[in-house]
**Student:** 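Below is a structure I'd like to ask you about.
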Amino acid sequence: MSNLRFNGKVAVITGAGAGLGRAYALLFASRGAKVVVNDLGGDPHGGGTGQKAADGVVNEIKQAGGTAVANYDSVTEGSKIIKTALDNYGRVDILVNNAGILRDKSFANLTEDDWDIIQNVHLKGSFKTTQAAFPVMKKQGYGRIIMTSSGSGLYGNFGQANYSAAKTGVVGLANTLAIEGAAKNVYCNVIVPTAGSRLTQGLLPEDLYQELKPELIAPVVAYLCHESCQENGTIIESAAGWAGKSQIYRSKGCLIRQRITDPATIESVQANWPEITNMKNAVPLVSLSASRVALVEKLEYLRKGEQTPTSSSEGALFTFSSKDLILYALGVGASVQNPEELKLLYENHQNFSVIPSFYILPSMHAVTSFRRLNTIPGKTISLENMLHGEQYLEIYNSPPEAGTLLNNPKIVETLDKGSGAAIVTDINSYNEQGALIMRNQCVSFAIGAGNFGGPRTGKKIVPCVPKPDRKPDLSLSYKTTIDQAALYRLSGDTNPLHIDPNFSAIAGYETPILHGLCTLGISVRLVMGAFASYDQKLFRAVKARFTKVVIPGQTLRIDMWRNGNRIHFETVVVENGTAAIAGAYVDLNAIKTGIIQNKVTASTLKSDAVFEYINDQIKVQPDQAKSVNGIFLVKITKDGEIVKEWNTTEMVQTEDIVAEDNEKVLPRAPKGVPDGNYKLIGWSIDTTGRRLIDEICQIAAYSTTSQFSQHIMPFSDLNVGSRRRHNLRIINIGRYRMLKNLKTNKFVKTKSEISALTDFLTWLEANRGDAKDGVILVYHEFRKTSPAMLLEALRRYSLIERFSQVVKGFANGFNIASVQCKNTTKSFSLRVMSRMLLNKEDDFGNAIDRAQAAFEVVVHLGQAEKTDVNDTNANNNNEGHISSFITIIACGGGDGMELILVFWHTSQLRSHCLTSLSMFDHQTSP
């Protein structure tokens, strides 16, 4: 383990003349930090001043070869302390608020002066010093702040009312600073030390005082201040070489009224007091929004007049670790024989991932202990007559890979099916911070419980969807092992029906049967491997109906049909041809195909057009092609045999490619548009910044007569970079998600993606005006792939045809500027072009600003076409014409046709859009 160093860092330690502060200063200096040693030089009760204490520590540091400077100011003048650091070293990286005094008296004898001096030193002093350092740290993009609390502040102590109040106050101050500084990499934590010092000498037994050495706490504080430590907003207690985290927990509590119109009474509080104070299922709370989650949920129950689930119901808590994730993966057939599945089985893998169907298990754990047997008046339901009919799982927020989930089951409807009853149970799962993570829905069929006069069809049940009426796009097989059920049951379903031959015989089966959820897990694993490369972040939901049983040892064939981001599937038992799972689908956030370790059922491949188009682009931009500095060999297989190879080296070195067969291919989309009357409209989008083809969180467009802007609520949160660029952040309060503008601190009105896209199309149609030949969308981007994201979103909702009736092409202002301004500047970014051509300065943090600037830049360049902006005497060059940069949208007829973008991959793993669209058969496999 390498030593953690603080080379180049500047640390300010208040109260560093003795005790803990001295230990901190010496340790930081010994590890390379430049230290400001602050000490007023007074006594433990706040009297007097002096320079001896601070000078002594500075001399110790210098004699050991370190760098330090003394400061003698009071912490109530914290700006002077920070000024010392800036004057001597030019920066402040670390601030440890350690200075303190004592004025211990019983509350009855406490004077106002005793109160004020303690608040001034401990609370106001921490405030003033931190307030001076905070903006410096934010501007640097780095800072670590330590507040010093006390056991008296957390738990109280006789004779220390003033001290306890101040020390609790710094905890609240630290919590808020942790929130406000996080975006700028400025973290704030609290240390609660118990050490022998001037303040505790005489208060502790001598033998205990000698063991509580400050040097045993200093490493804890130093680690919290190191750049490798990502802890933020945490309280750490430490003493005698021990350290532990302290956190606030809250009981689940209960409602003290039954309906929203009922009053709350003293008597109802008394009656519910045992449940209010029951800490059995208490959960930790780490934020104000998390503390409001339960309140929002309870209000919903009150409005609906429903009973809230009790916090003490058995099975509500589900605790798991990476070991459970791996055991589940093994139980549903994951194997190291498939290299792509190692990420499912090795917790230290850099891309360790979870098979999403694992997150059904917490709900089943709750449902099995939830009383569903008395839900139908006059009917007695026994467990042996309960069958698992359907299952639905939807992920709302990224689930943890370890921890505890609180699962609240609720029966939402009971349906009368004649021969039995369908009991629909929703299970909401919350993480340890109280945020809603996912929703499961379990449909159980109670045999013989029908004919009770209830509704036959429901309104709350998530429906299954019939498979498409065509051959599967892909079929994968998996042969279950004879021990499959024995292994899967270790994940929690210990029903003897799946292991005990005697029990299965009673139930009418010759041998124990495989768990239905195991069959589902196998199916989800194969779907995720084929269409998501096992990336759990791409998973959104799964729905399935269990129709037939599977016997361990039988072979499963999973037939799959892709429909946008929805993968329909049916799981068939090969030995008897019956469907074990039907009406099933997996919804993904995006498609990401992986290496398929199985035979693909597909029609004839038509990849030639893709590679011929790449070849054409290589001829147009040979220098860019050679800059990749790599060779790509692509092998095209059909029925398991290689039928064609493409080598990028040959493409770069040769002028022509000779076709290896006479198979007819579709033509690529041409660049340039026919002469006509078109309208240019600037447009742009903001995304979450999570991946290349990403989720849209704002779409905007601009014309000279009108503009359009609409925010969209994405499924994923924005990454740090996107939050900073767009000044947006997603706030989660229970099941509610809101988009907040970080500049105005107000919530932004959002719409669903389909509503926003429909509004965008309506706006385009209305703003087409007299342009009878259509609209050209103008954007300005170097690495992002906005057209691909827009087209993918439109295709998802079958809006491509309507879009193509209005929009006839895209034009990238970056490409136009890179040709027309190549002799004027080396940078063609929107900011540079706006400054150079339009004399405008903007940070372009908003999509509507970029849309307007992209439009104005292209219009400016268009006006300069016939007099090249690089040379006023130059002849007109067709390469500079805007029309030659427009990519036509080829939107053709025929089933199974879709638009795809071709990308150029550089050795830096960035993607450059070639501004060209091509249309191929959806089964093309380049």
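Everything numeric here is computed off the predicted structure, so don't read it as measured data. Sequential numbering from 1 along the given sequence is applied to the chain's residues.
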**Student:** Tell me, please, which residues at least two apart from N767 pass side-chain hydrogen bond (donor to acceptor under 3.5 Å, both in side chains).
**Tutor:**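 Listed in chain order: nothing, the list is empty.
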**Student:** Apply side-chain contact (heavy atoms from CB on, under 4.5 Å) to S398 and list each qualifying residue two or more places apart in sequence or on a separate chain.
**Tutor:**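 Result, side-chain contact (heavy atoms from CB on, under 4.5 Å) vs S398: none returned.
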**Student:** For Y585, enumerate each residue passing the ring pair (Phe, Tyr, Trp, His ring centres under 6.0 Å) test, keeping only those at least two apart in sequence or located in another chain.
**Tutor:** none
**Student:** Taking only residues two or more places apart in sequence, or in another chain, which ones meet K543 in a salt bridge (charged side-chain N to carboxylate O under 4.0 Å, His left out)?
**Tutor:** E390
**Student:** Would you please name every residue forming a ring pair (Phe, Tyr, Trp, His ring centres under 6.0 Å) with Y702, sequence neighbours left out?
**Tutor:** F855
**Student:** Mind checking salt bridge (charged side-chain N to carboxylate O under 4.0 Å, His left out) for R835 and listing every partner two or more places apart, or none if nothing turns up?
**Tutor:** E841
**Student:** Decide whether S703 and S706 meet the rule of one side-chain donor and one side-chain acceptor closer than 3.5 Å.
**Tutor:** no
**Student:** For R729, check salt bridge (charged side-chain N to carboxylate O under 4.0 Å, His left out) against everything at least two apart and list the hits.
**Tutor:**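 None.
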**Student:** T744: what forms a side-chain contact (heavy atoms from CB on, under 4.5 Å) with it, not counting sequence neighbours?
**Tutor:** N741, K746
**Student:** Mind checking whether M560 and S475 have side chains closer than 4.5 Å, heavy atoms only?
**Tutor:**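 Contact flag for M560/S475 side chains = no.
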**Student:** With rounding to the nearest 0.5 Å, note down the distance linking CZ in R540 to CG in N565.
**Tutor:**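 It comes to 7.5 Å.
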**Student:** With Q698, which residues qualify under side-chain hydrogen bond (donor to acceptor under 3.5 Å, both in side chains), at least two apart?
**Tutor:**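 Testing Q698 for side-chain hydrogen bond (donor to acceptor under 3.5 Å, both in side chains), a comparison that skips the adjacent residues, returns S709, N846.
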**Student:** Looking at residues at least two apart in the chain, or sitting in another chain, which of them share a side-chain hydrogen bond (donor to acceptor under 3.5 Å, both in side chains) with K343?
**Tutor:**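 Expected list: none.
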**Student:** Salt bridge (charged side-chain N to carboxylate O under 4.0 Å, His left out) with E765: which residues, sequence neighbours excluded?
**Tutor:**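 Once residues adjacent in sequence are excluded, the partners of E765 under the salt bridge (charged side-chain N to carboxylate O under 4.0 Å, His left out) criterion are R802.
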**Student:** Suppose we screen for side-chain hydrogen bond (donor to acceptor under 3.5 Å, both in side chains). Which residues come up paired with D759, at least two apart in sequence or across chains?
**Tutor:**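 D759 satisfies side-chain hydrogen bond (donor to acceptor under 3.5 Å, both in side chains) with K751 only.
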**Student:** Between the side chains of Q536 and S353, is a donor N or O closer than 3.5 angstrom to an acceptor N or O?
**Tutor:** yes
**Student:** How long is the gap from CG on L790 to CG on L799, to the nearest 0.5 Å?
**Tutor:**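 Separation between the atoms: 10.0 Å.
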**Student:** Strictly by modelled atom types, are N815 and S818 linked by a side-chain donor-acceptor pair under 3.5 Å?
**Tutor:** no
